[in-house]
K.L.:
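What follows is a single structure, and I will ask about it in a moment.
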Amino acid sequence: MSSALARPPIPEPSVSRLSVSASSSALLAGTVVVLLAAPLAFGAVQPWAIFSLESCAAALFIAWGLLQWNHQEIKVEWHPLYAPMLAFAALVALQWITGSTAYRHITYSLLLLYASFGMLVFVATQNLKRSSQARSLAKIICGYGLVVASFSLLQGIAPNGKLYWIWPLEQGGLIYGPYVNHNHYAGLMEMLVPFPLVLALSRHTEGNRKLVVAGIGALMAGTIFLSGSRGGMLAFAAEMIVLAILLRKRGDWKQHVALGLFLAVVIGFLIWLGGNKLSHRMASIESETRQELTGGVRVTIDRDCLRMLRERPFLGWGLGTFPVVYPQFRSFYTSFFVNQAHNDYLQLLVETGIPGFAIAIWFLFLTFRRARAKLKNWTDTVNGTLTVAALLGCGGILIHSFLDFNLQIPANAALFYVLCAVAAAAPFPESQRRRVRRHNLILEPKPRHIES
């Protein structure tokens, strides 16, 4: 009887497997460090920051290749988003090779930058394989969001017109946090704030930890409004609506109450710190939106973009060439340099034509379709929790992209593409510890009550 109940020995992993696992975790950690360091470098918009981002991405990719070579095996796990990414790279390469781009050097530079995005996505998807890594990633994002939001809040309370209170602006801007443009800070927080919020609503935090994580989320969400970004406010509101719909499908009234309390805390936080400045900013949204729709600058730029598209609908004007080509199509006078279209979708159409836009739709379709398969019982599983957080973050910045150019900021774009890849990834296997625990529970005999 005792032999039947004996636990089978669990084989110890070999040294080589342990080394591969450690190396894989190190590569994943390096990728996360690059993604989270890029926003701190002013969004990685300066030449030195772009070079650093590209160099780090290339170094991680080479390190992955050397690791595979060292173990005498090149093993690539296919990801569904690789196909549209390769198609987009081929399209931009065609623009550069054929000379259809209006400025070959800019297109070549952007091709290298997008290649670095692809390498970060590749290294992340090849090494993010375990649920324990996913839980660690969510915790790191929560801690990072707390630090960045706290710094941004302090800088907003005591500003001096300089980044980090040290570096003066060269061409003006509206500083918030590490960004020259407050809209781009809001874009970063739109992608990060779902992580603490979804984690607080899931089964993976309990007791006081839920309150701590929810408090971090409330602080991060509050800074979106305090930054004054109208697009950020709209994107966050859309994220909360989608989250409420997902909770409604779950049918757990306690989670609805928790979400309501979270929003109440955010509102209280904003009333406490925002004051009249925030109320005036929010009150002006309707009037400024009406002004834009009846002939504002953004709408005029949108119309000019459609004229540009009609000139070159197939291959576009070349990736990154919008600021070079736009002056000859500009229909209004301004002393300012219009460097972006303030609408990522129209700018993509202008620069890459209908084929580039179709590839982007393909990319997003695969992301949302693959993510949808993991939404069942999302509050109970690591796969579902991480997928919902990543999906909400991507959806928020996609809404903001109708009004701004967050995806032209290298730091935000890199994080967006990696989050899309995480959302579309195959489900993670259950951790070894949980499998062993469940195995032991099955083998252990159930206690029997002996009748006297």
Side-chain angles (χ1 to χ4, degrees), residues 79-118 121 187 231 292-293 297-331 338-371 394-395 397-410 412-414 416-417 419-421 423-424:
H79 191 284
L81 296 186
Y82 290 169
M85 291 168 62
L86 291 172
F88 187 80
L91 175 65
V92 178
L94 181 64
Q95 288 181 328
W96 181 71
I97 292 172
T98 61
S100 62
T101 172
Y103 197 159
R104 294 189 69 190
H105 176 70
I106 290 181
T107 299
Y108 177 72
S109 299
L110 265 291
L111 181 60
L112 293 180
L113 180 60
Y114 274 74
S116 69
F117 297 158
V121 168
E292 286 290 345
L293 292 177
V297 173
R298 281 189 172 90
V299 174
T300 304
I301 295 176
D302 292 347
R303 292 171 181 166
D304 295 341
C305 286
L306 294 177
R307 291 170 50 220
M308 296 172 69
L309 177 63
R310 284 196 294 267
E311 290 284 336
R312 291 192 181 183
F314 298 109
L315 287 180
W317 291 90
L319 186 65
T321 61
F322 176 85
V324 176
V325 179
Y326 180 67
Q328 59 184 299
F329 289 91
R330 193 178 66 201
S331 59
V338 182
N339 61 336
Q340 306 291 346
H342 291 267
N343 184 319
D344 283 326
Y345 302 98
L346 283 177
Q347 185 160 336
L348 180 66
L349 269 169
V350 167
E351 293 182 349
T352 62
I354 295 175
F357 189 79
I359 292 172
I361 296 298
W362 179 22
F363 179 91
L364 296 177
F365 172 77
L366 289 177
T367 299
F368 285 91
R369 190 186 71 172
R370 296 276 300 186
C394 294
I397 203 167
L398 285 173
I399 291 174
H400 198 168
S401 290
F402 282 103
L403 304 171
D404 224 297
F405 53 98
N406 267 291
L407 296 182
Q408 309 300 324
I409 306 302
N412 289 6
F416 168 77
Y417 293 125
L419 289 182
C420 286

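We use all heavy atoms of the structure for the numbers below, so side chains are in, but hydrogens, waters and symmetry mates are not. Count residues from 1 along the sequence.
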K.L.:
Anything under 3.5 Å between a donor and an acceptor, one on a side chain of residues 91-99, the other on a protein residue two or more places apart or in another chain? List them.
P.N.:
residue: Q95; atom: OE1; partner: L319; partner atom: N; Å: 3.2
residue: Q95; atom: NE2; partner: L315; partner atom: O; Å: 2.4
residue: Q95; atom: NE2; partner: E351; partner atom: O; Å: 2.9
residue: T98; atom: OG1; partner: L94; partner atom: O; Å: 2.6
residue: T98; atom: OG1; partner: S100; partner atom: OG; Å: 3.4

K.L.:
By side-chain contact (heavy atoms from CB on, under 4.5 Å), which residues pair with D302, not counting sequence neighbours?
P.N.:
N343, L346
K.L.:
Any side-chain heavy atom of V121 within less than 4.5 Å of one from L81?
P.N.:
no
K.L.:
What pairs with D304 under salt bridge (charged side-chain N to carboxylate O under 4.0 Å, His left out), at least two apart in sequence or on another chain?
P.N.:
R307
K.L.:
For N412, which residues count as a side-chain hydrogen bond (donor to acceptor under 3.5 Å, both in side chains) partner, sequence neighbours excluded?
P.N.:
Y179, N406
K.L.:
Please tell me if the side chains of F329 and C305 come closer than 4.5 Å, counting only heavy atoms from C-beta onward.
P.N.:
no
K.L.:
Who pairs with Q340 by side-chain hydrogen bond (donor to acceptor under 3.5 Å, both in side chains), at least two apart in sequence or on another chain?
P.N.:
Q347
K.L.:
With sequence neighbours excluded, tell me which residues meet side-chain hydrogen bond (donor to acceptor under 3.5 Å, both in side chains) with T367.
P.N.:
none
K.L.:
Counting only pairs under 3.5 Å, give me each side-chain donor-acceptor contact of residues 353-366, with atom names and distances, residues two or more places apart or in other chains.
P.N.:
none

K.L.:
The criterion is side-chain contact (heavy atoms from CB on, under 4.5 Å); which residues satisfy it with A102, sequence neighbours excluded?
P.N.:
W317, T321, V325
K.L.:
Supply the atom-to-atom distance Y108 OH to L111 CG, rounded to the nearest 0.5 angstrom.
P.N.:
8.0 Å
K.L.:
What is the ring orientation for Y103 with H105, classed by angle as parallel under 30°, tilted 30 to 60°, or perpendicular over 60°?
P.N.:
tilted
K.L.:
Just to verify, what does S401 make a side-chain hydrogen bond (donor to acceptor under 3.5 Å, both in side chains) with, not counting sequence neighbours?
P.N.:
D344
K.L.:
Over 60° means perpendicular and under 30° means parallel, so tell me whether H342 and F405 are parallel, tilted or perpendicular.
P.N.:
perpendicular
K.L.:
Please name all residues satisfying side-chain contact (heavy atoms from CB on, under 4.5 Å) with A413, sequence neighbours left out, ordered by chain then number.
P.N.:
F117, Y417
K.L.:
Minimum heavy-atom separation for R370 to P80, with atom names?
P.N.:
NE-CG, 3.5 Å
K.L.:
Minimum heavy-atom separation for L348 and T352, please, with both atom names.
P.N.:
O-OG1, 2.7 Å
K.L.:
Output all residues satisfying side-chain contact (heavy atoms from CB on, under 4.5 Å) with L86, sequence neighbours left out; order by chain, then residue number.
P.N.:
W78
K.L.:
Quick one: list whatever passes salt bridge (charged side-chain N to carboxylate O under 4.0 Å, His left out) with R104, sequence neighbours left out.
P.N.:
none
K.L.:
State, with a plain yes or no, whether a side-chain heavy atom of L112 is found less than 4.5 Å away from one of S116.
P.N.:
no
